[in-house]
Colleague: 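Below: one structure in structure tokens.
Side chains are part of it too, since the values below use all heavy atoms of this structure and drop only hydrogens, waters and symmetry mates.
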Amino acid sequence: MTTSEEDWNEQDSQDFITYGEYFVPERAAQADVITSVIPAPPTGAHILDLCCGQGRLSAALLDAFPRAEVVGLDISATMLDTAGRELARYGDRFRTERFDLAAGDWRERDEAPWAVVSSLAVHHLDGKGKQRLFADVHAMLRPGGAFVLADLVEATGPLGHELARRMWDDAVREQSAAAGAAEAYQKFHELEWSHYQYPDPLDRPSPLGDQLNWLRDAGFAQVDAYWMKAGHAVFGGIKQEGPTA
């Protein structure tokens with residue numbers, strides 16, 4: 001399986017740091033949904049942010065849960081350096097760790113995390129890779145904790161695919177115009193960022209229904225989709241306190 005090391009490079013990181021606010025539909029709303037569905041963690045609990053990027057989601061988690069600590073994991077040195085600088089105000093409540101999402105070494109933790117989150121990363125894994133990740137995250141979580149993903153999902157037919165393409169294009173155009181950054185919309189197409197308009201073999205989104213079933217198969221309860229727009233969805237589940245049913 002192709003690893004995230006092959007899927008991403010430092011120029012991709014810099015492009016996303018520069019244009020992510022315009023390229024991601026309702027980025028702040030997605031972060032709000034993620035923090036809203038995670039149960040309040042106990043003091044000192046850890047949250048893992050897989051492929052944390054420049055740290056925007058990590059910051060939302062640190063603000064929402066002032067008793068928790070966040071570990072931002074990423075393969076990109078550019079992303080980790082940026083996150084470290086931008087989140088320095090949180091002191092030792094935030095730290096970074098370099099990892100490869102597809103590898104297995106990081107999945108063995110000395111301390112079980114209360115929650116694991118990820119934004120726009122897991123779609124780089126194929127179906128089997130996602131299923132292994134879901135099972136491994138369930139195994140590592142503390143009982144009562146949550147696994148929440150914000151990611152691209154694949155349409156199951158041409159109507160859904162075209163709607164996702166059009167809505168994503170509209171969202172980037174509107175967000176760029178609202179910020180007076182028309183060049184961001186142009187860059188969206190120059191970089192061929194949209195999976196639904198410019199297919200890339202390194203992007204492997206899976207249908208939302210399949211991923212909800214894989215979460216259940218991994219042992220998660222209360223599995224649900226919490227938000228969806230333009231082919232982007234927020235979904236996840238909770239690790240039960242007792243034996244899974």
Side-chain angles (χ1 to χ4, degrees), residues 3-5 7-8 13 27 30-77 79-84 86-88 90-125 129-151 211 214-215 218-223 226 234-240:
T3 70
S4 53
E5 285 184 297
D7 291 353
W8 196 262
S13 294
R27 193 179 189 184
Q30 293 190 47
D32 181 65
V33 171
I34 292 170
T35 59
S36 295
V37 300
I38 296 174
T43 299
H46 285 75
I47 298 173
L48 303 185
D49 184 358
L50 310 183
C51 300
C52 66
Q54 69 200 94
R56 296 294 176 83
L57 178 55
S58 290
L61 293 163
L62 289 160
D63 288 338
F65 305 118
R67 299 188 300 170
E69 301 173 6
V70 174
V71 182
L73 300 93
D74 209 290
I75 199 166
S76 165
M79 290 297 201
L80 293 175
D81 289 346
T82 302
E86 294 193 359
L87 277 64
Y90 295 101
D92 59 8
R93 292 183 58 219
F94 178 74
R95 63 181 176 85
T96 61
E97 180 179 320
R98 194 171 190 272
F99 89 139
D100 183 337
L101 176 65
D105 54 349
W106 65 270
R107 304 181 190 191
E108 297 290 334
R109 316 295 299 184
D110 292 335
E111 180 181 347
W114 176 253
V116 176
V117 303
S118 182
S119 177
L120 295 176
V122 173
H123 69 274
H124 289 296
L125 302 177
K130 294 184 183 76
Q131 292 175 72
R132 283 194 294 270
L133 175 67
F134 294 178
D136 289 345
V137 169
H138 185 271
M140 78 166 69
L141 275 174
R142 291 171 63 167
F147 181 34
V148 190
L149 302 95
D151 210 352
Q211 296 191 73
W214 296 338
L215 287 167
F220 286 99
Q222 302 183 54
V223 171
Y226 312 114
V234 180
F235 56 101
I238 304 294
K239 181 171 180 176
Q240 289 182 318

Colleague: Would you please name every residue forming a ring-ring contact (aromatic ring centres under 6.0 Å, His included) with Phe134, sequence neighbours left out?
Modeller: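 Checked Phe134 against ring-ring contact (aromatic ring centres under 6.0 Å, His included); matches are Phe147.
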Colleague: For a quick test of reading the model, state the closest non-hydrogen atom pair linking Ala45 to Trp114 and the distance between them.
Modeller: CB-CB, 3.8 Å
Colleague: Could you tell me which non-hydrogen atom of Gln54 sits nearest to which non-hydrogen atom of Thr82, and how far apart they are?
Modeller: CB-CG2, 3.8 Å
Colleague: State, with a plain yes or no, whether a side-chain heavy atom of Leu141 is found less than 4.5 Å away from one of Phe220.
Modeller: yes
Colleague: So which atom in Gly144 and which in Ile238 form the shortest heavy-atom distance, rounded to 0.1 Å?
Modeller: O-CG2, 3.8 Å
Colleague: So, using side chain to side chain donor-acceptor pair (under 3.5 Å) as the criterion, who are the partners of Ser58 when residues are at least two apart?
Modeller: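 Ser58 satisfies side chain to side chain donor-acceptor pair (under 3.5 Å) with Asp49 only.
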Colleague: Under the rule for salt bridge (charged side-chain N to carboxylate O under 4.0 Å, His left out), what residues qualify as partners of Arg142, not counting sequence neighbours?
Modeller: none
Colleague: Any salt bridge (charged side-chain N to carboxylate O under 4.0 Å, His left out) pairs touching residues 38-48, not counting sequence neighbours?
Modeller: none
Colleague: Measure the CG-NZ distance between Leu125 and Lys130 for me, rounded to the nearest 0.5 Å.
Modeller: 6.0 Å
Colleague: What pairs with Trp214 under ring-ring contact (aromatic ring centres under 6.0 Å, His included), at least two apart in sequence or on another chain?
Modeller: none
Colleague: Does some side-chain heavy atom of Leu215 sit less than 4.5 Å from a side-chain heavy atom of His138?
Modeller: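 No, too far: nothing below the 4.5 Å cut-off.
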Colleague: With sequence neighbours left out, what residues match Ala150 under side-chain contact (heavy atoms from CB on, under 4.5 Å)?
Modeller: Gln30, Ile34, Ser119, Val234
